[in-house]
Amino acid sequence: MSGMHATLLSLAIVLAAAATGQAQAQDHATTDHSQMDHSTMDHSTMDHSTMDHSGHAGRSGFPAPVTPIPTLTDADRAAAFPKLERHMTHASAINSYLLFNRFEAWDADPGSGQAWEAQGWFGTDLHRLWLRTEGERSGGTTESADLELLYGRSVSAWWDVVAGVKRDFAPDDSQTWAAFGVQGLAPYMFEVSVTGYVGESGRTALVAEAEYELLLSNRLILQPVVEATLFGKDDPARGVGSGLSSMEAGLRVRYELNRHFAPYIGVVHERTFGGTSRLRRSDGGSSRDTRAVIGFRFWF
């Protein structure tokens, strides 16, 4: 009997403890903690070392322990920076370039015509042999044609000085000029060329040209060009007068089928001045001429 009484007494104690814990939990749930003064509590006497915080990581948003970054090894460095098996290939010291900037035709009131303008070079970044040519035909007659052979020396990243000879094949008899000038890329990406000429019998001339390329899209490009020609002396046989002889302005739109070939359309206006204008009118011509042109531009 005494053993049974001891068992019943132990069961009663367990039931009483469970009932007391449930009552305390209900009291804690219904307690208004906002009214409690936590400042008067002494937390220094609490033993936090015995508390089990492992269950709070998932419930309270605390980050899980981070695995330490392993130490960098020589094998890691070798994998990140492998040895290059092939050597870099540098461009040749001698290069060449040939550009037909204009190769066009038109059909105007005086008659159909054709024109060309090309330039090329052969050499290094500092020393180059330049070749320049331009000309114009109208009504089956070559009205102007010339060829220049120049030595060019780079004086900066964007500018060259040139010197050499120029040969005029038309109009009238051929004549030779000594040529010297500068060419390069001016601020705001204007391509500029200014060349002076000294010819036979003390004749002199100056030709200045500027052009710009405006990208309307990756392949559609608008190219305005302005050229002015001046002469030091009258030359009636070639139809030129002293001073400002002529100015030509062109506006062309090209579409680059690829970077080496581009057809274009445009409009060109030419005007003569001074003695050149008088000589042209005396021959029955006009001092002004506007024409629509079609052509293509290519380089290699």
Asker: In Å, rounded to the nearest 0.5 Å, how long is the span from CG of D289 to OG of S246?
Answerer: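 So the CG of D289 and the OG of S246 are separated by 12.0 Å.
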Asker: Identify the two heavy atoms, one from D173 and one from R238, that lie closest to each other, and give their separation to 0.1 Å.
Answerer: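 Looking at all heavy atoms of both residues, the closest pair is O-NH2, 2.6 Å.
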Asker: Decide if atom CG of N258 counts as having more than 12 heavy atoms of other residues, nucleotides or ligands within a radius under 6.0 Å.
Answerer: yes
Asker: State yes or no: do M247 and V194 share one hydrophobic cluster built from I, L, V, M, F, W and Y residues joined by side-chain heavy-atom distances below 4.5 Å, directly or via other members?
Answerer: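 Yes, one cluster joins them.
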Asker: Quick one: are the ring centres of F100 and W116 less than 6.0 Å apart?
Answerer: no
Asker: Testing the basics here: between Y264 and N101, what is the closest heavy-atom pair and its distance to 0.1 Å?
Answerer: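 That closest heavy-atom pairing would be CE2-O, 4.4 Å.
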Asker: Determine, for E200 against R203, whether the closest basic-nitrogen to carboxylate-oxygen distance falls under 4.0 angstrom.
Answerer: no
Asker: How far apart are the closest heavy atoms of D74 and R77, and which atoms are they?
Answerer: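 That would be OD1-NH1, 2.9 Å.
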Asker: Working to the nearest 0.5 Å, report the span between CD of Q223 and CZ of R254.
Answerer: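 Output value for this atom pair is 5.0 Å.
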Asker: Salt-bridged, R132 to E134, with N to O below 4.0 Å?
Answerer: no
Asker: Any ion pair linking D235 and K233 (charged N to carboxylate O, less than 4.0 Å)?
Answerer: no
Asker: Treat each ILVMFWY residue as a node, draw an edge where side-chain heavy atoms are under 4.5 Å apart, and state whether V226 and L230 are in one component.
Answerer: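 Yes, same cluster.
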Asker: I'd like to know if the side chain of D168 and the backbone of D146 have a donor-acceptor N/O pair within less than 3.5 Å.
Answerer: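 A pair under 3.5 Å: no.
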Asker: With the 4.5 Å side-chain cut-off for hydrophobic clustering, are V207 and V165 part of the same group?
Answerer: no
Asker: To the nearest 0.5 Å, what is the distance between CD on E191 and CD on E211?
Answerer: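 Result: 4.5 Å between the selected atoms.
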Asker: Taking atom types as modelled, find out whether S277 and R281 have a side-chain donor-acceptor pair closer than 3.5 angstrom.
Answerer: yes
Asker: For the pair H127 (side chain) and R153 (backbone), establish whether a donor and an acceptor sit closer than 3.5 Å, ignoring hydrogens and angles.
Answerer: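 No, H127 side chain to R153 backbone: no donor-acceptor pair under 3.5 Å.
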Asker: Judged by atom type as modelled, is there a donor-acceptor pair below 3.5 Å linking the side chain of S154 to the main-chain atoms of S156?
Answerer: yes
Asker: Kindly indicate whether the side chain of Q119, heavy atoms from C-beta on, has any atom under 4.5 Å from the side chain of E148.
Answerer: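 Q119 does not reach E148 side chain to side chain.
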Asker: Keeping D76 on the side-chain end and T73 on the backbone end, is there a donor-acceptor pair under 3.5 Å?
Answerer: yes
Asker: Indicate the atoms forming the closest heavy-atom contact of P171 with E143, along with that distance.
Answerer: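 Smallest interatomic distance, heavy atoms only, reads CD-O, 3.4 Å.
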Asker: What is the distance from atom CG of L149 to atom NZ of K166, rounded to the nearest 0.5 Å?
Answerer: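 Spacing of CG (L149) from NZ (K166) equals 13.5 Å.
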Asker: Do T124 and I94 come close enough that some side-chain heavy atom pair is under 4.5 Å?
Answerer: yes
Asker: So, R128 side chain and S96 main chain: donor-acceptor pair closer than 3.5 Å or not?
Answerer: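 Flag not set: sc R128 to bb S96 has no pair under 3.5 Å.
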Asker: Between R219 and E256 (side chain of the first, backbone of the second, donor and acceptor by atom type, cut-off under 3.5 Å), is there such a pair?
Answerer: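 Yes: the side chain of R219 pairs with the backbone of E256.
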Asker: Under a 4.5 Å side-chain heavy-atom rule over Ile, Leu, Val, Met, Phe, Trp and Tyr, are V267 and W106 clustered together?
Answerer: no
Asker: With a 4.5 Å heavy-atom cut-off, do L216 and L214 have their side chains touching?
Answerer: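 Side-chain contact under 4.5 Å: yes.
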Asker: Are L251 and M189 connected in the hydrophobic side-chain network, where two residues link if heavy atoms are under 4.5 Å apart?
Answerer: yes
Asker: For atom CD1 of I265, decide whether the heavy atoms of other residues, nucleotides or ligands shown that lie under 6.0 angstrom number more than 12.
Answerer: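 At most 12 heavy atoms, drawn from other residues, nucleotides or ligands, come within 6.0 Å of this atom.
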Asker: Given a cutoff of under 4.5 Å between side-chain heavy atoms of I, L, V, M, F, W and Y, with clusters grown through shared members, what are the other residues clustered with L72?
Answerer: none
Asker: Quick one: OG1 on T272 to CG on L279, what's the gap to the nearest 0.5 Å?
Answerer: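 Separation between the atoms: 9.5 Å.
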Asker: For the pair T290 (side chain) and H269 (backbone), establish whether a donor and an acceptor sit closer than 3.5 Å, ignoring hydrogens and angles.
Answerer: no
Asker: Only pairs at least two apart or in different chains count here, so list each ring pair (Phe, Tyr, Trp, His ring centres under 6.0 Å) that has a residue in residues 137-169.
Answerer: none
Asker: So, applying side-chain contact (heavy atoms from CB on, under 4.5 Å) with W121, which one of L150, L99, N95 is it?
Answerer: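 Result for side-chain contact (heavy atoms from CB on, under 4.5 Å) with W121: N95.
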Asker: What heavy-atom pair brings L206 and T195 nearest, and what distance separates the two atoms?
Answerer: CD1-O, 3.3 Å
Asker: Is R102 salt-bridged to E136, going by a charged N under 4.0 Å from an acidic O?
Answerer: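 Judged by the 4.0 Å cut-off on N to carboxylate O distance, R102 and E136 do not form a salt bridge.
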Asker: Check Y212 against P224 and note the closest heavy-atom contact, atom names and distance.
Answerer: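 Smallest interatomic distance, heavy atoms only, reads O-CD, 2.9 Å.
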Asker: Run the salt-bridge test on R252 and E117 with the 4.0 Å N-O cut-off and return the result as yes or no.
Answerer: no
Asker: Is any side-chain heavy atom of F180 less than 4.5 Å from a side-chain heavy atom of V198?
Answerer: yes
Asker: Rounded to the nearest 0.5 Å, what separation is found between the CD atom of Q175 and the CZ atom of R167?
Answerer: 8.5 Å
Asker: Which word best sums up how the rings of F298 and F300 line up, parallel for under 30°, tilted for 30 to 60°, or perpendicular for over 60°?
Answerer: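 Rings of F298 and F300: parallel, as their planes differ by under 30°.
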